[in-house]
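Worksheet for the structure shown next.
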Amino acid sequence: MKHVEIIVPCFNEAEVLELFLSETEKVTGALTDYRFSYIFVDDGSRDGTLALLRKLSQENPRVHYLSFSRNFGKEAAMYAGLSHSTGDLVAVMDADLQHPPALLPQMLKEIEAGHDCAAACRSSREGEKGLRSFFSGLFYRFSNSLSEVKMPQNAVDYRLMTRQMVDAILQLSEVERFSKGIFVWVGFDTVWIPYENVERPLGQSKWRFRSLLKYAVDGITSFTTKPLKLIRNVGLVLFIISLIYILITLVKTLIMGVDVPGYASLLCVQLFLGGTLQLSLGIVGEYIAHIYLEAKDRPIYLLKERDGGLAEYPREKKL
Ligand code: UDP
Ligand code: MG
């Protein structure tokens with residue numbers, strides 16, 4: 001019997017966890033050819049999430065949990081769950097029931113048919129705020145046009161993977177993780193399963209616009225160095241134009257003498273070059289920040305608590 005493990009990152013999800021578990025168990029209970037278990041990863045929640053997880057794991061032998069010493073973010077929570085997983089198949093799923101458990105049977109069927117991964121994607125973005133939808137579309141178009149790692153726009157972090165693919169993901173032990181890109185980068189054969197967007201039944205979304213912006217910048221800088229090449233090319237073009245303009249100015253001054261007016265052109269050139277320089281410096285800085293964080297090589301997460309049912313030594317490479 002194959003063991004299927006479901007990893008659930010949780011940040012302040014006490015309200016919805018019991019509902020999540022009962023809804024998911026309804027689906028998994030009917031799939032008698034598989035053995036299911038859960039790894040809930042408490043990402044430094046400040047509500048009763050951890051206490052609830054302790055209780056759930058006592059009541060239900062299939063429930064396991066990890067708890068972080070503070071909030072490390074969903075990416076770290078997914079990584080911790082994957083690195084503690086031992087199942088033949090591993091699923092990643094949100095706690096808020098926005099990732100319908102009803103898709104699991106179809107995902108299992110696809111994997112049995114020989115695929116390495118079955119991933120959910122939204123068939124529509126209905127119910128999402130217009131602004132978020134707009135910026136998200138902009139990000140995917142921009143990022144995909146720059147990077148070799150093409151990310152499907154409506155992909156969500158809800159997928160079922162084989163052990164082989166999970167182990168491949170764990171080999172990418174970068175500190176600044178961008179899972180959507182990592183899932184694509186490792187390759188393997190993925191089938192997409194579309195589903196209708198579902199509203200969260202309880203609790204609130206944890207994303208803020210600022211963190212979305214950071215997410216977008218990280219997404220681009222994690223998978224491509226094209227912005228660096230772009231500013232090099234812009235620099236080259238500006239340099240050539242400057243040389244030509246210097247030559248014209250010199251010749252004009254030598255032939256027609258000094259001509260004092262030129263305030264407007266001077267100001268324009270100064271502002272334009274200043275702006276371009278600042279922007280380029282900012283882009284270079286973004287990459288330096290990545291190098292800095294990776295060079296420090298800090299752990300991706302710190303555990304405060306782990307239930308006894310989970311392996312003591314995670315499978316990840318670095319620990
Ligand atoms: N989450 C997490 N750490 C965080 C933020 C979110 O583990 O710092 C979890 C959260 O508990 C949920 C999932 O990530 O299970 C998706 O979060 P949310 O529903 O807030 O995001 P949205 O669905 O709005 O993208
Ligand atoms: Mg959600």
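Counting starts at 1 for both ligands and their atoms, in listed order. From a predicted model like this one, the values you see are computed outputs, not experimental measurements.
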Please check if the distance between the ring centroids of Tyr301 and Phe72 is under 6.0 Å.
->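 Not under 6.0 Å, so no.
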
Plane angle bin for Tyr158 and Tyr195 - parallel if under 30°, tilted between 30 and 60°, otherwise perpendicular =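 Tyr195 vs Tyr158 ring planes: perpendicular.
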
Say whether Ala77, considering both its backbone and side-chain N or O atoms, lies within less than 3.5 Å of an N or O atom on ligand 1.
->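 No, there is no polar N/O contact under 3.5 Å.
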
For ligand 1, which part of [X] has a heavy atom less than 4.0 Å away: the side chain, the backbone, both, or neither?
X: Asp43; value: side chain
X: Glu13; value: side chain
X: Asn71; value: side chain

Run the numbers for me: atoms of ligand 1, each under 4.0 Å from some heavy atom of [X], listed by number.
X: Gly73; result: 3 (N), 8 (O)
X: Cys10; result: 7 (O), 11 (O)
X: Ala95; result: 15 (O)

I'd like to know if [X] pairs up with [Y] as an ion pair, taking the criterion as any Lys NZ or Arg NE/NH1/NH2 lying under 4.0 Å from an Asp or Glu carboxylate oxygen.
X: Lys304; Y: Asp42; result: no
X: Asp43; Y: Arg70; result: no
X: Lys180; Y: Glu75; result: no

With 2.8 Å as the limit, jot down which protein N, O or S atoms are around the Mg ion (ligand 2).
->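 Within the sphere that stays under 2.8 Å of the Mg ion (ligand 2), the protein atoms of type N, O or S are Asp96 OD2, Gln98 OE1.
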
Looking at Leu21, Leu66, Asp307, which hits side-chain contact (heavy atoms from CB on, under 4.5 Å) with Phe40?
->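 Passing option: Leu21.
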
Report yes or no: do Lys26 and Ser22 form a side-chain donor-acceptor pair below 3.5 Å?
->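 No, no side-chain donor-acceptor contact under 3.5 Å.
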
Any side-chain donor paired with an acceptor under 3.5 Å for Ser280 and Arg232?
->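 There is no such pair (donor and acceptor under 3.5 Å, judged by atom type) between the side chains of Ser280 and Arg232.
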
Excluding sequence neighbours, so at least two apart, what forms salt bridge (charged side-chain N to carboxylate O under 4.0 Å, His left out) with Glu305?
->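 Arg54.
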
